Amino acid sequence: MLVRIIDLAFSVYYLLILIRVIASWIPELQRHHFMHFVYHYTEPYLGFFRRFIPPIGMLDISVLVAFLMLGFLKSLLLSLVWRLDFMIGL
């Protein structure tokens, strides 16, 4: 059950970041009220990577690194939960 909740939470966050990336290409979407919600919850995470990874021309590769790190964190967290479940199950 906990694994499913963690997987769902990461999937939702992936989706929020993807929505933000798509909205950055379409100016009309940036003004939508829902985007305030998206920016509010994704900016702390994405801003962290932008501080260390400058854009290359018009391309912001910090988002790619953020996606990769999110996948790594998801795998790490799920691995820890599975191990904890195995240890408790003994």
Side-chain angles (χ1 to χ4, degrees):
M1 178 70 167
L2 183 58
V3 170
R4 294 177 84 181
I5 292 170
I6 292 170
D7 187 51
L8 178 63
F10 274 90
S11 295
V12 168
Y13 205 68
Y14 275 120
L15 183 60
L16 289 176
I17 293 173
L18 184 61
I19 289 170
R20 182 172 171 158
V21 168
I22 292 170
S24 73
W25 299 332
I26 305 170
E28 295 82 30
L29 289 179
Q30 294 177 13
R31 292 186 290 269
H32 195 276
H33 182 68
F34 177 69
M35 290 310 298
H36 294 286
F37 172 84
V38 171
Y39 277 86
H40 178 76
Y41 286 103
T42 58
E43 182 54 33
Y45 181 70
L46 294 175
F48 172 79
F49 292 98
R50 263 192 246 106
R51 280 184 280 179
F52 302 105
I53 305 168
I56 299 174
M58 297 291 291
L59 183 61
D60 182 10
I61 63 167
S62 64
V63 175
L64 298 174
V65 174
F67 264 121
L68 291 172
M69 184 57 71
L70 199 58
F72 173 75
L73 292 172
K74 176 183 173 182
S75 296
L76 179 66
L77 186 58
L78 289 176
S79 176
L80 291 173
V81 169
W82 285 324
R83 287 181 189 180
L84 182 63
D85 185 43
F86 176 73
M87 289 170 42
I88 292 174
L90 289 176

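All figures in this text were calculated on a predicted structure; none of them were measured in a lab.
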Item checked: V65 and F52: CA distance, side-chain angles, deciding distance, side-chain contact (heavy atoms from CB on, under 4.5 Å) verdict -> CA-CA 11 Å; V65 174; F52 302 105; over 6 Å; no
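- A single hydrophobic cluster is not seen to contain both V81 and I5; linkage of ILVMFWY side chains at heavy-atom distances under 4.5 Å, directly or through other members, places them apart.
- Between atom CZ of residue R31 and atom CG of residue L29 there is a gap of 9.0 Å, rounded to the nearest 0.5 Å.
- Note: the hydrophobic cluster containing L68 does not contain L15 (ILVMFWY, side chain heavy atoms under 4.5 Å, direct or indirect links).
- Counted within 6.0 Å of CZ on F72, heavy atoms from surrounding residues, nucleotides or ligands total 12 or fewer; the atom is thus considered open.
- Note: L84 CG to S79 OG = 11.0 Å, rounded to the nearest 0.5 Å.
- Taking the centre of each ring, Y14 and F10 stay at or above the 6.0 Å mark.
- Across M35 and A23, no two heavy atoms sit closer than the pair CE-CB, 3.3 Å.
- The stretch residues 21-30 participates, sequence neighbours left out, in no salt bridge (Lys or Arg N to Asp or Glu O under 4.0 Å) pair at all.
- How far CG of L16 is from CG of L46: 10.0 Å, rounded to the nearest 0.5 Å.
- If you take CG on D7 and CG on L2, they are separated by 11.0 Å, rounding to the nearest 0.5 Å.
- Using a 4.5 Å cut-off between side-chain heavy atoms of Ile, Leu, Val, Met, Phe, Trp and Tyr, with links allowed through other members, Y39 and L18 fall into the same hydrophobic cluster.
- Rounding to the nearest 0.5 angstrom, the gap separating the NZ atom in K74 from the OH atom in Y13 is 15.0 Å.
- The two residues S62 and R50 come nearest to each other via the heavy atoms OG-CG, 3.2 Å.
- Not counting sequence neighbours, the partners of F49 by the ring-ring contact (aromatic ring centres under 6.0 Å, His included) test are Y45.
- Residues L70 and I17 have side chains in contact (heavy-atom distance under 4.5 Å, counting atoms from C-beta outward).
- Separating the CE atom in M69 from the CG atom in L76 is a distance of 10.5 Å, to the nearest 0.5 Å.
- Heavy-atom neighbours of H32 NE2 from other residues, nucleotides or ligands within 6.0 Å: at or below the threshold of 12.
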